[in-house]
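Step one of this worksheet: look at the structure below.
Throughout, a chain's letter reflects where its sequence line sits, starting with A, and its residues are numbered from 1.
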Amino acid sequence: MVPAGVALAGDMLSIHELTKRRGSREILSGLSFEARPGRVTAFLGPNGAGKTSTLRILLGLDSATSGTALIDGVPFARLKDPLTKVGALLDGSGAHRSRTARAHLRWIAAAGGIPPARVAEVLAVVGLTDDARRRVRSYSLGMSRRLGLAAALLGDPEILVLDEPVNGLDPEGIRWIRTFLRERAETGRTVLLSSHFLGEVAETVDDAVVIHQGQIVAQGTLSEVVGEHGTIEDAYFALTGAPRGGLR
Amino acid sequence: MRQRSDIRVLTDAFRAELLKLVTLPAIQYTVLGIWAVTALITVALVNAGQDNTDVLSGPVPAGFVVLGLLSMTSEYQGGQIRTTLVAVPRRITAYVARLVAIVVVTGPVAGATVAVNALVGGRADGRAIGYLTATALIAQAVGALLRRTVPALVGLLTYYFVIGPLVRDRSFAEYLPDGTNWLALSVWAAGITALALAAFHTRDA
Amino acid sequence: MKLIHAELIKLASLLSAWIAAGLATILPAAVAVLNSRSQVSRGIDAGFQDLAPGVIGAIVIGVVAVSSEYLVEGAESGGGRQITTSLTAVASRSRFLLAKAAAVAVTVALLALLSSAITLTTTSLTDETVSVGTADLPRVAGVTAYWILTALLASGITLVTRSGIVPLTFCIVNMSVVSVSFLLTKLTSWANYLPDLAGMHLFLRDVHGSVDIAPLTGGLVMGLWVVVVAGIGFIVFRRRDA
């Protein structure tokens with residue numbers, strides 16, 4: 001699968017022939033793609049295309065009907081130090097509403113065997129230091145997302161898996177996360193982000209995988225995917241068959 | 001990169017579960033509520049000239065049902081279960097760590113409840129510590145199976161406070177989950193916990 | 001009417017409400033069958049005594065009608081609470097609450113009538129010493145009133161707590177055989193005027209209290225409690241940020 005010459009210095013995500021059925025409905029049909037070290041890979045598709053389902057399987061939250069989703073050759077559930085390997089952000093904050101942000105991060109750090117001092121560091125990175133003692137219920141959507149990101153960064157992981165990371169962020173936050181993700185990739189780490197929001201993608205990503213109704217319709221470097229369509233937006237609408245203007 | 005040993009992974013997960021339980025306000029309020037209600041009703045029983053330990057088999061188990069249930073269903077609020085499983089992907093490790101944390105919290109809470117009852121009322125019932133802890137364990141397993149607080153709470157309370165008392169006079173009553181037979185009680189708690197563990201192991205989170 | 005209809009639809013979409021309906025209708029009938037086998041003469045309250053545990057269904061409906069607006073469970077809930085949607089759909093909080101109360105009352109009343117019919121029929125079929133006739137209709141009305149008032153009381157408490165856990169635990173434990181209210185009557189005779197004990201006089205003639213209360217008085221005392229508790233809930237709800 002891995003082309004010769006691609007050195008596996010960092011950690012790679014590889015999805016192979018992934019299929020997921022719920023009842024009689026096939027949500028994912030034989031997905032295969034990779035996200036490589038040193039690159040930001042975008043996982044694109046409209047709502048309901050199967051992006052979140054794929055990421056949930058990758059993180060061992062849901063089981064696949066068939067196929068594999070591996071982190072550096074190993075299923076997520078077999079990782080001994082998952083937090084230092086993979087940082088994950090799914091929808092919402094992933095925190096109980098009545099806990100404080102600090103208490104939330106502290107238990108995660110404890111579970112991952114990460115020194116508690118790291119909690120203050122990640123709170124500072126995402127700009128929540130002043131709100132750390134507030135309960136999560138009082139957080140805005142943007143703050144909840146920042147808290148989720150802080151949790152993902154606790155283990156300073158080799159790989160970041162982010163589901164719709166710009167959702168709920170203000171323009172300043174979006175710019176910050178773009179720069180941040182580019183820096184991660186440039187230090188040789190792996191970043192996989194899903195998105196249905198096209199604006200952010202073009203400037204941040206190296207590779208793109210486009211999914212539609214549970215199937216991959218295009219993948220490759222950004223320029224390969226854009227191909228003759230001119231812009232990523234045109235490519236997206238052509239590939240997913242979505243009516244123009246139907247999405248933002 | 002360093003790798004943690006299996007034992008270390010389990011003890012780290014246990015510490016995390018303990019932190020989760022003690023920093024959850026609902027758990028704190030439940031514990032305080034249990035002690036307050038125990039003290040209040042013990043006073044009432046003593047004044048009425050009744051056995052003060054009656055409260056431990058009467059309303060107090062309800063508090064331990066809530067304690068056990070919340071310790072499990074709180075995972076399903078705010079998507080916390082995802083965070084848990086990303087930090088501790090091995091499900092058996094995650095569940096066992098939580099189970100031990102629940103015992104470590106409810107055991108002493110039950111002990112203190114019996115102590116409050118004995119201090120206020122005079123007579124101590126040490127056996128209640130085991131019964132109350134087992135009740136919390138049964139409730140956590142039901143919570144893990146149903147994953148919804150209100151239906152699980154309604155089911156448990158209906159059993160413990162309506163159906164259980166109705167069949168109390170029957171010959172089989174001592175072998176029920178709210179009965180007096182220790183072996184039966186242990187089998188119930190272990191059996192339903194095993195069922196919950198199996199479900200947690202196989203189901204999508 | 002449209003608002004009440006909307007609240008009825010919301011209620012019907014709750015799993016807990018259906019569990020409650022099951023408990024309200026099946027539990028009393030099952031108790032009636034159990035008691036009829038006990039061969040002990042049960043006197044004036046035969047049948048009606050069996051209806052008492054069914055009030056658990058009323059409690060659950062009263063609680064979940066309110067608590068479901070606040071509780072978010074499930075992995076992909078998106079984090080939103082229904083109350084925000086409800087209050088943008090119905091700008092007036094008073095009308096929202098009145099519609100909710102009406103939906104709860106209508107549902108519980110239907111359940112009470114259905115359950116009374118099932119239970120009293122079961123009782124007269126299984127126990128020859130008992131005959132239930134039209135003379136008992138006022139007591140059926142009493143049961144219905146008792147269930148409705150209990151449900152509204154539970155809703156009122158939930159409005160303040162916003163979580164169903166406290167009112168459910170408190171109300172279900174208290175209606176059971178280990179009733180705290182009943183225990184308190186041994187401390188002070190004033191406890192006979194607690195809502196649950198006073199209200200029981202609506203349909204039971206042989207309440208083991210230390211004070212004799214007429215059915216209508218009992219109903220009025222309980223009604224007063226409901227007005228006070230629901231009133232506090234109402235004020236808290238109107239002043240609080242959703």
Side chain, backbone, both or neither: which part of C/L15 has an atom under 4.5 Å from a heavy atom of chain B? side chain

Which region of B/Q50, side chain (C-beta onward) or backbone (N, CA, C, O), has a non-hydrogen atom less than 4.5 Å from a non-hydrogen atom of chain C, or is it both or neither? side chain

Chain C: which of B/V55, B/V162, B/L69, B/V167 shares the most heavy-atom pairs with it under 4.5 Å? B/V162

Below 4.5 Å from any heavy atom of chain B, which atoms of C/L27 appear? Answer side chain, backbone, both or neither. side chain

Residue selection (most heavy-atom pairs with chain C, distance under 4.5 Å) from B/V43, B/I163, B/L153: B/L153

Nearest 0.5 angstrom please: B/D169 CG to C/L34 CG, how far? 10.5 Å

With only heavy atoms counted, which part of B/R170 is less than 4.5 Å from chain C, the side chain, the backbone, both or neither? side chain

Tell me if the OH atom of B/Y29 is crowded by more than 12 foreign heavy atoms within 6.0 Å. no

Nearest-0.5 Å distance that lies between atom CG in B/L157 and atom CD1 in C/I59: 10.0 Å

Tell me, with the steps shown, if B/T30 and C/I165 meet side chain to side chain contact (heavy atoms under 4.5 Å, CB included). CA-CA 10 Å; B/T30 306; C/I165 296 166; 6.0 Å; no

Can you tell me which portion of C/L14 sits under 4.5 Å from chain B's heavy atoms? Options are side chain, backbone, both or neither. neither

Among B/V65, B/V154, B/L40, B/L70, residue most engaged with chain C (heavy-atom pairs, under 4.5 Å): B/V154

Using a cut-off of under 4.5 Å for heavy-atom pairs, which of B/G49, B/A26, B/P59 has the most such pairs with chain C? B/P59

Taking everything shown except B/R203 itself, do over 12 heavy atoms lie less than 6.0 Å from its CZ? yes

Should we say atom CZ of C/F170 is surrounded by more than 12 heavy atoms from elsewhere, each under 6.0 Å from it? no

Can you measure from CG (B/L156) to CD1 (C/I172) and round to the nearest 0.5 angstrom? 10.0 Å

Look at C/V64, C/I19, C/T169 and state which one has the largest set of heavy-atom pairs under 4.5 Å with chain B. C/T169

